[in-house]
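Atom set for the values below is all heavy atoms of this structure, side chains included, hydrogens, waters and symmetry mates excluded. Chain identifiers are assigned alphabetically (A, B, ...) following the order of the sequence lines, protein sequences preceding nucleic acid strands; residue numbering begins at 1 within each chain.
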Amino acid sequence: MASLPPVVVANTVKLDPDFRKLSAPSLLFEKKHYSTKELNSLGSESEEPVSLTTEGNGKLESSYYVPILQECMHKNFVSGVESIHAHIIKSGLVAELFLMTFLVNVYGKCGRMGSARKVFDNLPKRNVVAWTSLMSGYISNSRPELAISIFQEMLEAGAYPTNYTLGVFLNACTSLCDFDLAKQIHGYIVKYDLDGDASIGNALCSLYSKCHNLRMAIKAFERIEEKNVISWTAVVSACGANGNSALGMDMFVKMLVAGVEPNGITLTSVLSLCCTMQALEAGSQIHSLIMKLGYDSDLPLMNSVMYLYLKSGCISEAKKLFDGMNSVSLVTWNAMIAGYAEMISLAADGLSAYSCGIEALQIFQRMNRSGLKPDLYTFSSLLSVCSSLVALDQGEQVHALTIKTGFLSDVVVGTALVNMYNKCGSINRASKAFLEMSTRTLISWTSMITALAQHGRSEQALQVFEDMRFVGVKPNKITFVGVLSACSQAGMVDRAFAYYDMMKNEYKINPVMDHYACLIDMFVRLNQIDEAFDFIKKTNLIPNEFIWSILIAGCRSQGKLDLAFHAAEQLLELEPKDSETYLLLLNMYISAGRWKDVSRVRKMMRDVDKIVEWSWINIRNKVHSFKFSSKKHQSDEVAKLLDDLIDRAKPFGYKAETDMEIDEEEKEEATNSAAHRHSEKLAVAFGLINTSREVQIRVMKNIGMCRDCHNFIKLVSVLTSRTIIIRDSKRLHKFYNGHCSCKDFGGLV
DNA sequence: CTAGGGTTAG
């Protein structure tokens, strides 16, 4: 459905400017509550709903059916609705306008638009509420374009829209992101001064929220004369959706002060704010409020509470909620899987990260056994877990499942697949997954560009970037990080600056630290340290920790130690929060024998959380983890293989460097066993022993690799003729035939 | 009777 011609609304069809008078009377019937048992008995064939019949000739009036239908709708009990519909026909009530109009609404809410349309077509008399219900049904069943054409049909039939109809129409525009169409109606609304109405104002608020105009969304909210709970909810979620959670919280507090009681939907929106703000304290207060207001059986709401606890690391709280739910939905399972997937990156050490990932995969298996079918959210979380664990085998299984369930064609799933293969070190399969996608978003393109750049395929990365521009997709700042890092890897200075200018001038994107880091990294790779410092001076750049680390690595590999120590002092002044940074400095001072500085850095390190070094390797669906350990703690087989490899590496010029983080008294032992101690060496050796020749070794490490291990693994790839992939906290290293895909500039410690 | 919500890839 293309956009509505502008004349239709404003001129051709006459609208009653005072249509607020036309709005329907309020609810005529009191709500009545039925137990689940009663409702279930309605669905069964054998039992007649005689219990509902009271007196007279056994004929029910339409007023009996409305609250029951409402209850069925609320519980999404579709067969109950159908059963009641059958009774309505039997009772000869099909001519009851109010009842049949309500049924249109109920069928729409239950996702049965075919039935809704049938009831609508057989209405004794069409009315604006039925038209509006039909529109609303199509919107909530993901066919907003049909809502627009129903609106046109309605106008052509000569019916007047009400404030509700215009609100619903705006919602259709919001779902379609058809802001031009919305503008036409908005013009009409402004002309007749209708934006003080809640139905219209609420819809305007959501509309502006969807087009990322928070200022206008708030303005629309403020213009509503009688703000109701929906208005407040709309503005709270508008703040959340546009990255201003704190303002959303303020709004929620204002709502409470104004004496408007939040409902389940409001509380869900507020919890989502707590989630993004990591506000566990506020979140648990909301949890109490939920219990107090009696919303503790609202499943979507409890899903949000559970997700907040998961994201805040309160696993036991989340599990308690999960186990306490008497029914769970797909969203519940998805939230659990996503929660554990998220925890991987927050985990303090390798082992707990790994167990979070395994937990996520096991939850998925339990979900499968419970008979629920996964959806795109399930798949994107699962693929992210496989990426984090560098679990190619499991990733392939998930890939197979996406084909089986038909979700492979989903753009989010396709992109997640590209990332999974990339992070598992298989750029070829990542490219294949990308090429097989039927539609691609900016994020898909950016993922592919970044993946190619990470694997050192700069020309291909830039080609994909040009293809992306050719098909009319507008790059953003993250795309340019990928582009600039491709140029940096290949040392293409001219092209790097051409793209840098393109970013600033053609796309009006202001450079951020990551862009500067790429350019500085490029100079460093070309051994142009002075140019790097010139660039910093020229742009008045205040380097961050990451940029200083790049500069230090460059100075060291060029033997410009004075400059390296100068940079190191600058870095120390930033008081890094990251113990890896201190390790780099410590390592430098140790190798220079500057023991005074060593103890100074050690003192500073005490205030920083110490990182435990971990590596793990996934072999035949089983994960083996290794930590920094001395020779006597290793298995004989691993120690023997490492000894052998070190001996064979020596003729190629390998010399074990002094270990980095050791105590003075350990210094003596360290020199001899340094090469044995780092976890990635142990994991690689274990992998070599336990896999066949054609299998690639995939190791994951929680902090950056050191230079010694990097040199050593390069030689191992020659000595054993194997491909070895190590993904550390900074990047992916793919070792093959004595070379690494990072071209030795992986920000090595 | 018609409006507002949760899990989402770089």
Side-chain angles (χ1 to χ4, degrees), chain A residues 23-29 66 69-70 73 98-106 108-109 127-137 139 161-168 170-171 197-203 205-206 209 228-238 240 263-272 275 298-308 310 329-339 341-342 375-381 383-384 387 410-420 422 441-451 476 478-479 481-482:
Chain A
S23 64
S26 56
L27 188 64
L28 292 175
F29 308 100
V66 171
L69 281 171
Q70 224 158 24
M73 177 172 85
F98 186 94
L99 182 63
M100 299 319 279
T101 301
F102 185 48
L103 202 55
V104 173
N105 178 36
V106 172
K109 285 261 163 61
N127 63 88
V128 68
V129 176
W131 285 109
T132 311
S133 297
L134 202 60
M135 284 170 69
S136 171
I139 296 169
T162 66
N163 49 342
Y164 282 111
T165 319
L166 292 188
V168 172
L170 285 173
N171 288 334
D197 177 85
S199 307
I200 291 176
N202 296 346
C205 182
S206 311
S209 169
N228 57 24
V229 60
I230 298 170
S231 323
W232 285 101
T233 308
V235 78
V236 165
S237 50
N263 63 20
I265 300 181
T266 321
L267 295 168
T268 313
S269 308
V270 176
L271 279 171
S272 139
C275 231
D298 182 327
L299 184 56
L301 183 51
M302 293 323 281
N303 286 341
S304 302
V305 179
M306 193 190 74
Y307 191 64
L308 172 77
L310 277 173
S329 66
L330 180 59
V331 175
T332 319
W333 290 104
N334 283 349
M336 282 291 269
I337 296 170
E342 185 104 350
D375 70 352
L376 75 151
Y377 293 106
T378 325
F379 283 123
S380 53
S381 293
L383 288 169
S384 138
S387 306
D410 183 273
V411 69
V412 175
V413 173
T415 309
L417 212 50
V418 172
N419 286 319
M420 186 276 291
N422 171 40
T441 60
L442 169 63
I443 299 178
S444 323
W445 288 100
T446 303
S447 301
M448 194 66 242
I449 293 164
T450 309
N476 68 4
I478 301 168
T479 319
V481 174

Does the side chain of A/Asn303 reach to within under 4.5 Å of the side chain of A/Ser329, using non-hydrogen atoms? yes
What nucleic acid atoms does A/Leu267 come within less than 4.0 Å of, heavy atoms only: base, sugar-phosphate, or nothing? nothing
Contact check, side chains of A/Leu417 and A/Leu383, non-hydrogen atoms, under 4.5 Å: yes
Could you state the NZ-P distance from A/Lys109 to B/dG4, rounded to the nearest angstrom? 9 Å
Pick base, sugar-phosphate or nothing for A/Ser199, based on heavy-atom distances below 4.0 Å to the nucleic acid. base
Given B/dA9, B/dG6, B/dC1, which nucleotide is nearest the side-chain atoms of A/Asn419? B/dA9
For atom CG of A/Asp375 and atom C1' of B/dT7, their distance in whole Å: 8 Å
Could you tell me whether A/Ser329 contacts a base, only the sugar-phosphate backbone, or nothing, with contacts defined as non-hydrogen atoms closer than 4.0 Å? base
Whole-Å distance between B/dT2 P and A/Asn127 CG? 13 Å
A/Asn228 atom CG is separated from B/dG5 atom C1', nearest whole Å, by 15 Å
From B/dC1, B/dA9, B/dG6, nucleotide with atom closest to A/Ile443 side chain: B/dA9
Closest to the A/Val331 side chain, choosing from B/dT7, B/dT2, B/dG5: B/dT7
Base, sugar-phosphate, or nothing: which does A/Asn303 touch, judged by heavy atoms less than 4.0 Å apart? base
Rounded to the nearest Å, what distance is computed from the CD1 atom of residue A/Ile337 to the P atom of nucleotide B/dT8? 12 Å
Below 3.5 Å, does any donor atom in the side chain of A/Asn334 face an acceptor in the base of B/dG6, or the other way round? no
Whole-Å distance between B/dC1 P and A/Met135 CE? 18 Å
Across the strands shown, which category fits A/Ile478 at heavy-atom distances under 4.0 angstrom: base, sugar-phosphate, nothing? base
Checking only heavy atoms, does the side chain of A/Thr268 share a donor-acceptor pair with the base of B/dG5 at less than 3.5 Å? yes
Student check: side-chain heavy atoms of A/Leu310 and A/Glu342 closer than 4.5 Å: no
With sugar-phosphate meaning primed atoms plus P, OP1 and OP2, does A/Val418 contact a base, only sugar-phosphate, or nothing at under 4.0 Å between heavy atoms? nothing
Do A/Tyr307 and A/Met336 have side-chain heavy atoms sitting under 4.5 Å apart? no
Is any side-chain N or O of A/Asn171 closer than 4.0 Å to OP1 or OP2 of B/dG4? yes
What's the closest nucleotide to the A/Ser206 side chain, out of B/dG4, B/dT2, B/dG5? B/dG4
Name the nucleic acid region contacted by A/Thr450, choosing base, sugar-phosphate or nothing; use a 4.0 angstrom heavy-atom cut-off, strictly under. nothing
Is A/Thr132 touching bases, backbone alone, or none of the nucleic acid, heavy atoms closer than 4.0 Å? base
Check the phosphate of B/dG5 against A/Tyr307, side-chain N and O only, distance under 4.0 Å to OP1 or OP2. Yes or no? no
Pair of N/O donor and acceptor under 3.5 Å linking B/dT8 base with A/Tyr377 side chain: yes
For the side chain of A/Thr415, counting heavy atoms from C-beta on, which of B/dG6, B/dA9, B/dC1 is nearest? B/dA9
With a 4.5 Å heavy-atom cut-off, do A/Ile230 and A/Thr266 have their side chains touching? no
A/Asp298 CG - B/dG6 P separation (whole Å): 13 Å
Classify A/Ser384 by what it touches in the nucleic acid, base, sugar-phosphate, or nothing, heavy-atom distance under 4.0 Å. nothing
A/Glu342 CD to B/dA9 C1', in whole Å, measures 13 Å
Using the side-chain heavy atoms of A/Ser133, tell me which of these nucleotides is nearest: B/dG5, B/dT2, B/dG4. B/dT2
With a 3.5 Å cut-off and just heavy-atom distances, do the side chain of A/Ser380 and the base of B/dT8 make a donor-acceptor pair? no
Name the nucleic acid region contacted by A/Val168, choosing base, sugar-phosphate or nothing; use a 4.0 angstrom heavy-atom cut-off, strictly under. sugar-phosphate
Using a heavy-atom cut-off of 4.0 Å across all strands, would you classify A/Asn202 as base, sugar-phosphate, or nothing? base
What's the closest nucleotide to the A/Tyr164 side chain, out of B/dT2, B/dG10, B/dG5? B/dT2
Considering residues at least two apart in sequence or located in another chain, which fulfil the ring pair (Phe, Tyr, Trp, His ring centres under 6.0 Å) criterion with A/Phe379? A/Phe407
Among the nucleotides B/dG4, B/dG10, B/dT2, whichever has the atom closest to the side chain of A/Asn476 is B/dG10
For A/Ser444, the side-chain hydrogen bond (donor to acceptor under 3.5 Å, both in side chains) test, sequence neighbours excluded, returns A/Thr415, A/Thr441
